[in-house]
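Right, one structure below, let's go through it.
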Amino acid sequence: MSKRPVVLVVMDGVGISENKLGNAVLNAYTPTLDELLSTCPHTAIAAHGLAVGLPSNGDMGNSEVGHNALGCGQIYSQGAKLVNESIASGDIFESETWKNLVSYCKEKGTLHFIGLLSDGNVHSHIEHLEALIKQAKAEGVKEVRIHALLDGRDVPETSALLYVERIEKFMAELNDDSFHACIASGGGRMKITMDRYEANWPMVEAGWHTHVLGEGRTFASAKEAIETYRAESGVVDQDMPAFVIVKDGKPAGTIEDGDSVILFNFRGDRAQEICRAFDEEEFTHFDRVRRPKVQFAGMLQYDADLNIPHQYLALPPKIKHTLSEALVKQGIRQYAISETQKYGHVTYFWNGNRSGKFDEALEEYVEIKSDVVPFEQRPWMKSAEITDALVEAIKSGKYDFLRTNYPNGDMVGHTGDYEATIIGVESVDLNLKRVMKAVDEVNGILIVTADHGNADEMYEKPKKEGAALKAKTSHTLNKVPFIIYGADVEIAEGEFGLANVAATVAKLLEVDGDEAWLPAIIK
Ligand SMILES: O=C(O)[C@H](O)COP(=O)(O)O
Ligand SMILES: [Mn+2]
Ligand SMILES: [Mn+2]
């Protein structure tokens with residue numbers, strides 16, 4: 001084992017592109033990154049598509065698959081791909097859960113689908129929803145209701161109508177005397193239901209009131225809701241207020257005793273809280289007012305240790321041989337820190353979607369509370385506070401491997417605000433300098449990388465030359481930097497991705513790697 005501590009920094013959403021237009025990484029003032037890139041061994045590594053276990057290279061990377069790959073050194077088929085396969089093979093419809101939900105609601109109840117209505121393939125895919133609705137009808141379900149969370153964060157900023165129209169056309173073609181499906185409620189994904197890491201439970205409470213109780217501002221259709229809210233305030237999809245659809249003066253689909261409910265998102269971070277609201281007998285995070293007796297299931301098992309949700313349609317990848325586990329077996333003391341918005345990324349996602357530790361004595365996890373504010377108004381977020389704690393941990397000499405995630409490039413990038421995102425990236429750069437200094441003081445080694453791009457492309461590619469620029473809120477397909485500071489090493493020949501980082505960390509710590517891992521990026 002080396003005596004030199006290794007610190008790994010994930011700059012969330014900081015990808016590499018040579019294209020200067022709307023590039024909040026290239027156009028930010030980043031003296032630290034510039035210094036690292038001009039003086040240290042570095043390369044660019046793949047963070048999207050097949051390199052992180054997604055169905056195709058047209059799929060952008062995301063935090064879940066990115067941190068999974070970083071933390072386990074392997075490429076596993078991810079939720080997006082596993083659900084595709086399970087639908088194609090029909091396995092999903094053979095599952096006990098599917099059968100249970102269908103039989104529970106088929107005679108007198110309604111089958112509800114709650115989830116992110118888009119083809120972003122980060123949390124969900126509209127094709128999965130369509131396949132489930134079609135099969136529900138084939139198996140004799142009579143009533144289906146959709147509770148549509150509008151995206152605009154993994155897909156273009158104002159694309160909600162495209163998906164609403166698509167699903168409504170799909171349902172209209174299925175609807176007949178024996179079957180009726182329609183949208184019952186919805187709202188922007190950053191306003192209701194899809195909170196993560198317990199950053200903002202009131203979002204989930206608002207979702208409960210909308211989907212379950214059918215309370216809120218009413219409209220005749222989802223289209224009317226979207227067009228009205230846009231006309232009133234110019235609000236973009238992800239921030240759209242909640243809406244309830246009414247038919248004949250009543251909500252089109254509250255959730256009642258005898259119904260079944262499927263959360264059709266496959267990704268876990270933003271799925272867990274609403275699952276808990278349905279599943280938990282003793283629930284204290286908000287007053288549910290009424291808890292219907294339903295059969296509830298998630299698309300995937302989101303956390304096996306915590307048993308969330310109790311029922312699920314498909315199994316997630318069984319991620320084994322993680323870096324954390326290999327390191328604790330060799331006595332390596334570890335420290336992980338981020339702010340709430342990304343805390344689970346460096347713990348839960350990093351450890352293959354496990355929320356527990358491998359070894360209480362050897363691992364310390366620290367969460368700095370995120371503010372609940374529009375991040376374009378505070379683009380520095382908690383970068384300074386994360387750094388205060390990280391620097392102290394580095395200097396304490398108590399840890400051999402320390403990791404952090406700075407959310408700024410990603411969280412501010414998702415707002416589509418170019419100028420604010422530049423400040424977000426600059427905040428990361430400023431704090432990176434402090435981390436470098438602390439690493440110097442303990443004669444350590446620093447790795448700087450990212451999980452996927454976002455801030456590197458803040459405008460959609462114009463459809464025609466000269467067309468007005470449109471903010472881009474989603475991730476990118478670009479590679480990410482991989483830099484090693486403080487070690488006299490050479491980058492190996494070849495193409496690398498995020499799954500090559502675990503072996504590199506082990507090599508720098510001078511401990512054994514795992515045979516399952518992809519090779520290190522250094523010679
Ligand atoms: O959940 C989100 O905020 C986005 O869909 C994806 O962003 P992340 O993968 O960086 O968390
Ligand atoms: Mn990310
Ligand atoms: Mn993101």
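In each ligand, atom 1 is the first atom listed, and ligand 1 is the first ligand listed. From a predicted model like this one, the values you see are computed outputs, not experimental measurements.
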### Query
side-chain hydrogen bond (donor to acceptor under 3.5 Å, both in side chains) with H452: which of N478, D12, T476?
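The single option meeting the side-chain hydrogen bond (donor to acceptor under 3.5 Å, both in side chains) with H452 is D12.
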
Least distance between heavy atoms, [X] atom then [Y] atom:
X	Y	answer
T97	Q311	CG2-CB, 3.8 Å
Y343	E367	CD1-CB, 3.5 Å
L54	M60	CD1-O, 3.2 Å

Would you call the rings of [X] and [Y] parallel, tilted or perpendicular if under 30° counts as parallel and over 60° as perpendicular?
X	Y	result
Y399	Y335	tilted
W208	F278	tilted
H475	H414	tilted

### Query
Does one side chain, of H345 or S338, offer a donor that lies under 3.5 Å from an acceptor on the other?
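No, no side-chain donor-acceptor contact under 3.5 Å.
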
Please identify which atoms of ligand 1 are closer than 4.0 Å to at least one heavy atom of [X].
X	value
H123	1 (O), 2 (C), 4 (C), 5 (O)
D12	10 (O)
R196	1 (O), 2 (C), 3 (O), 11 (O)

### Query
Does F266 have any ring pair (Phe, Tyr, Trp, His ring centres under 6.0 Å) partners at least two apart in sequence or in another chain, and if so, which?
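Applying ring pair (Phe, Tyr, Trp, His ring centres under 6.0 Å) to F266 gives H128.
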
Can you list, pair by pair, the side-chain donor-acceptor contacts under 3.5 Å of residues 421-430, counting residues two or more places apart and other chains?
unit_1 : atom_1 : unit_2 : atom_2 : d
T421   : OG1    : V412   : O      : 3.3
T421   : OG1    : D417   : O      : 2.6
E426   : OE2    : Y29    : N      : 2.6
S427   : OG     : I423   : O      : 2.7
D429   : OD1    : T32    : N      : 3.4
D429   : OD1    : L33    : N      : 2.8
D429   : OD2    : T32    : N      : 2.9
D429   : OD2    : T32    : OG1    : 2.9

Min N/O separation [X] to ligand 1 under 3.5 Å:
X	result
D451	no
H414	yes
N62	no
R153	yes

### Query
What do you reckon, does K342 put a non-hydrogen atom under 4.0 Å from ligand 1?
yes

### Message
So, 4.0 Å and heavy atoms of H475: is ligand 1 close enough to count as a contact?
### Response
yes

### Message
Could you walk me through whether F358 and W350 satisfy the ring-ring contact (aromatic ring centres under 6.0 Å, His included) test, starting with their C-alpha distance in whole Å, then the side-chain angles of each, then the deciding distance to 0.1 Å, before giving a yes or no?
### Response
CA-CA 12 Å; F358 289 96; W350 183 273; over 10 Å; no

### Message
What protein heavy atom lies closest to atom 10 (O) of ligand 1? Include the residue and the distance to one decimal.
### Response
S63 OG, 2.5 Å

Below a 4.0 angstrom heavy-atom separation, can you tell me which part of [X], side chain or backbone, both or neither, approaches ligand 1?
X	result
H452	side chain
R189	side chain
N454	neither
H345	side chain

### Set of residues satisfying side chain to side chain contact (heavy atoms under 4.5 Å, CB included) with respect to I491, sequence neighbours excluded
P41, T43, I521, I522

### Task
Only heavy atoms count here, so choose which of N405, D269, D154 is nearest to atom 5 (O) of ligand 1.
D154

### Task
From the options R270, R267, Q341, select the one whose nearest heavy atom is closest to atom 11 (O) of ligand 1.
R267

### Message
Tell me whether K472 at atom NZ has more than 12 heavy atoms from other residues, nucleotides or ligands lying less than 6.0 Å away.
### Response
yes

### Query
Can a salt bridge be assigned to the pair D237 and K191 using a cut-off of 4.0 Å between side-chain N and carboxylate O?
no

### Summary
Report for the Mn ion (ligand 3), protein N, O or S closer than 2.8 Å, by chain and number, lists D410 OD1, D410 OD2, H414 NE2, H475 NE2

### Query
So which N/O/S atom does D451 have closest to the Mn ion (ligand 2)?
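This residue's closest N, O or S atom turns out to be OD2.
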
